[in-house]
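Just so you know, these numbers use all the heavy atoms, side chains as well, and skip hydrogens, waters and symmetry mates.
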Amino acid sequence: MPPKVLVTGATGNIGYDVVKDLLKKRVAVKAAVRDVQRDSSRFKGLEVEVVPFDFLKPDTFEPALEDVDRLFLMRPPKLAKPQTEMKPFFRVLKKDVISQIVFVSLMGVEKNPVVPHRKIENMIKASKIPFTFLRPGFFMQNLNTTHREDIAIRNELFIPVGRAKTSFIDTRDIAAVAAVCLSSEGHLGKSYTLTGAKAFNYYEIADILSNILGRKIEYKNPSLLQFRRTIIRRGIPEEFANVMTMLYFITRLGTAEKVTTDVKNILGRDPISFEQYAMDFQSFWNE
């Protein structure tokens with residue numbers, strides 16, 4: 001059997017598109033999912049091997065890695081303690097078998113030793129396995145997943161970053177970059193900062209959404225403490241709420257406004273615009 005790429009988070013916004021983009025490039029893929037019976041239907045019609053995998057279940061590691069030579073790695077958002085929750089997986093990775101890890105990290109992580117992504121980058125470096133780090137800004141798709149109800153039901157953006165700007169990136173572009181890095185030469189040891197072509201503040205984002213959805217979307221701009229208390233009350237687990245609050249605190253300081261040309265350099269086209277994203281995903285907020 002030809003060597004395969006193991007794609008973790010294969011049912012997620014990025015991972016699913018990585019699977020499809022790799023298949024278009026005729027790369028063999030293993031799609032790692034937590035529940036094969038539940039998730040296999042997502043890949044109907046695709047020539048992909050669906051395998052069970054869970055960072056918290058070490059017995060899934062070896063079978064998932066069989067015949068694999070490259071790894072696409074996503075941190076599950078709810079795993080906030082990678083040194084205990086993900087380190088067991090790194091112990092079974094063998095540098096003489098795995099030729100590349102492409103890890104979706106975080107923009108500015110090199111200056112922030114506190115966030116989980118930095119700790120995972122350090123574990124990858126310690127493994128001595130060749131790597132490519134993708135360091136994207138905030139995902140556009142956060143607005144139709146994590147913040148979907150705020151927009152769809154409350155007609156608001158409840159995000160605590162003041163007037164700070166964010167260079168949002170579409171997850172479809174992250175996936176496309178990952179597929180290129182996993183299927184072509186020249187990307188080992190590289191760290192790419194992935195952003196859209198323009199940075200927006202959330203007042204501007206609210207205006208764009210208002211125009212596309214045909215109703216007023218208001219940017220509420222709560223305090224960090226009010227944000228944390230509210231999202232926990234709405235059902236977000238406390239550890240995940242802490243990570244979100246920390247990331248938005250950093251954004252409030254202006255760290256998310258950087259714009260790069262890495263997406264265009266790798267893909268040979270402009271990044272997907274926020275306006276195009278909002279048009280493509282408007283059904284999520286009109287349910």
Side-chain angles (χ1 to χ4, degrees), residues 5-27 29-33 39 41-48 70-77 102-107 117 132-148 151-152 166-184 187 190-200 204-205 208-209 212-213 247 256 258-287:
V5 176
L6 178 67
V7 176
T8 67
T11 59
N13 282 330
I14 301 176
Y16 184 67
D17 281 329
V18 171
V19 170
K20 293 194 297 181
D21 289 345
L22 285 172
L23 292 176
K24 289 176 185 176
K25 296 178 182 297
R26 301 185 182 279
V27 176
V29 175
K30 272 190 171 183
V33 303
D39 297 328
S41 61
R42 184 85 191 274
F43 304 95
K44 187 176 181 180
L46 300 178
E47 293 185 13
V48 59
R70 284 157 291 167
L71 171 67
F72 174 77
L73 184 64
M74 289 287 300
R75 178 188 73 89
V102 172
F103 170 55
V104 178
S105 187
L106 182 71
M107 184 167 75
H117 310 74
T132 307
F133 292 152
L134 307 183
R135 294 170 174 169
F138 277 87
F139 305 161
M140 294 178 188
Q141 279 76 4
N142 285 347
L143 298 179
N144 65 270
T145 54
T146 305
H147 299 288
R148 188 194 72 82
I151 299 169
T166 298
S167 53
F168 293 93
I169 182 166
D170 194 300
T171 58
R172 293 172 291 183
D173 282 339
I174 302 171
V177 168
V180 170
C181 292
L182 285 160
S183 62
S184 61
H187 303 288
K190 300 289 184 65
S191 298
Y192 297 117
T193 298
L194 308 180
T195 74
K198 181 180 177 182
F200 300 88
E204 294 170 316
I205 292 298
I208 294 170
L209 290 174
I212 289 174
L213 299 179
L247 293 177
K258 181 179 180 180
V259 172
T260 75
T261 59
D262 285 353
V263 170
K264 186 171 185 176
N265 294 342
I266 294 169
L267 300 182
R269 61 165 174 79
D270 290 330
I272 297 169
S273 68
F274 187 86
E275 291 85 353
Q276 185 62 57
Y277 153 75
M279 288 290 293
D280 292 345
F281 285 80
Q282 60 184 301
S283 63
F284 284 81
W285 307 301
N286 284 330
E287 294 178 356

Q) If you measure only the distance, is there a donor-acceptor pair under 3.5 Å linking the side chains of Thr146 and Asn142? A) no
Q.
Using side-chain heavy atoms (C-beta onward) and a distance below 4.5 Å, is Asp170 in contact with Gln276?
A. no
Q. Does Arg269 come within less than 4.0 Å of Asp173, counting only side-chain N to carboxylate O?
A. yes
(Q) If you compare all heavy atoms of Leu23 against all heavy atoms of Val48, which two are closest, and at what distance to 0.1 Å? (A) CD1-CB, 4.4 Å
Q. How far apart are the closest heavy atoms of Ala10 and Val19, and which atoms are they?
A. CB-CG2, 4.2 Å
Q. Roughly how far apart are Ser183 OG and Arg26 CZ, rounded to 0.5 Å?
A. 13.0 Å
Q | Donor-acceptor contact below 3.5 Å, side chain Thr132 vs main chain Cys181 | A | no
Q. Do the non-hydrogen side-chain atoms of Phe139 and Asn13 ever get within less than 4.5 Å of each other?
A. no
Q | Interatomic spacing from OG1 in Thr261 to CG in Leu194 - rounded to 0.5 Å | A | 10.5 Å
Q.
Could you tell me if the side chain of Pro271 sits less than 4.5 Å from the side chain of Ile169, heavy atoms only?
A. no
Q | Ser167 side chain to Ala256 backbone, donor-acceptor under 3.5 Å | A | yes
Q) Can you tell if the side chain of Val29 reaches within under 4.5 Å of the side chain of Leu46, non-hydrogen atoms only? A) no
Q: Could you tell me how the ring of His117 sits relative to the ring of Phe103: parallel (under 30°), tilted (30 to 60°) or perpendicular (over 60°)?
A: tilted
Q. Is a side-chain N or O of Trp285 found less than 3.5 angstrom from the main chain of Leu143, in a donor-acceptor match?
A. yes
Q. Between Ser105 and Arg135, which heavy-atom pair has the shortest distance, and what is it?
A. CB-CG, 4.0 Å
Q. Backbone N or O of Phe133 within a donor-acceptor pair of the Ser191 side chain at under 3.5 Å?
A. no
Q: Look at the side chain of Thr8 and the backbone N and O of Ala32, then say whether any donor-acceptor pair between them is shorter than 3.5 Å.
A: no
(Q) Testing the basics here: between Ile272 and Met140, what is the closest heavy-atom pair and its distance to 0.1 Å? (A) O-CE, 3.4 Å
Q: Measure the spacing between CD1 of Ile14 and OG1 of Thr171 and express it to the nearest 0.5 Å.
A: 5.5 Å
Q: Identify, with sequence neighbours excluded, every residue that meets ring-ring contact (aromatic ring centres under 6.0 Å, His included) alongside Phe168.
A: Tyr202, Phe274
(Q) Is there a side-chain contact between Val5 and Val18 in this structure, where contact means two heavy atoms from C-beta onward sitting under 4.5 Å apart? (A) no
Q. Which class fits the ring pair Tyr16 and Phe43: parallel under 30°, tilted 30 to 60°, perpendicular over 60°?
A. tilted
Q | Worked verdict on His187 versus Val180 for side-chain contact (heavy atoms from CB on, under 4.5 Å) | A | CA-CA 9 Å; His187 303 288; Val180 170; 3.9 Å; yes
**Q.** Atom pair CD1/CZ of Ile151 and Phe284 - distance to nearest 0.5 Å
**A.** 12.0 Å
Q. Asp21: what forms a side chain to side chain donor-acceptor pair (under 3.5 Å) with it, not counting sequence neighbours?
A. none
Q. Hey, mind stepping through Met107 and Thr260 against side-chain contact (heavy atoms from CB on, under 4.5 Å) and telling me if it holds?
A. CA-CA 11 Å; Met107 184 167 75; Thr260 75; 5.8 Å; no
Q: Please assess Val7 against Leu22 for the test side-chain contact (heavy atoms from CB on, under 4.5 Å), listing each intermediate value before the final yes or no.
A: CA-CA 10 Å; Val7 176; Leu22 285 172; 4.1 Å; yes
(Q) Using 0.5 Å steps for rounding, measure from the CD1 atom of Ile208 to the OH atom of Tyr277. (A) 11.5 Å
Q. How long is the gap from CD on Gln282 to CG on Leu209, to the nearest 0.5 Å?
A. 10.5 Å
Q | Taking every non-hydrogen atom, the tightest pair across Leu134 and Val177 | A | CD2-CG1, 3.9 Å
(Q) Restricting to side chain to side chain donor-acceptor pair (under 3.5 Å), what partner residues turn up for Lys264, sequence neighbours left out? (A) Asp270
Q: Could you pull out the closest heavy-atom pair between Ile212 and Glu275, with the gap in Å?
A: CD1-O, 3.7 Å
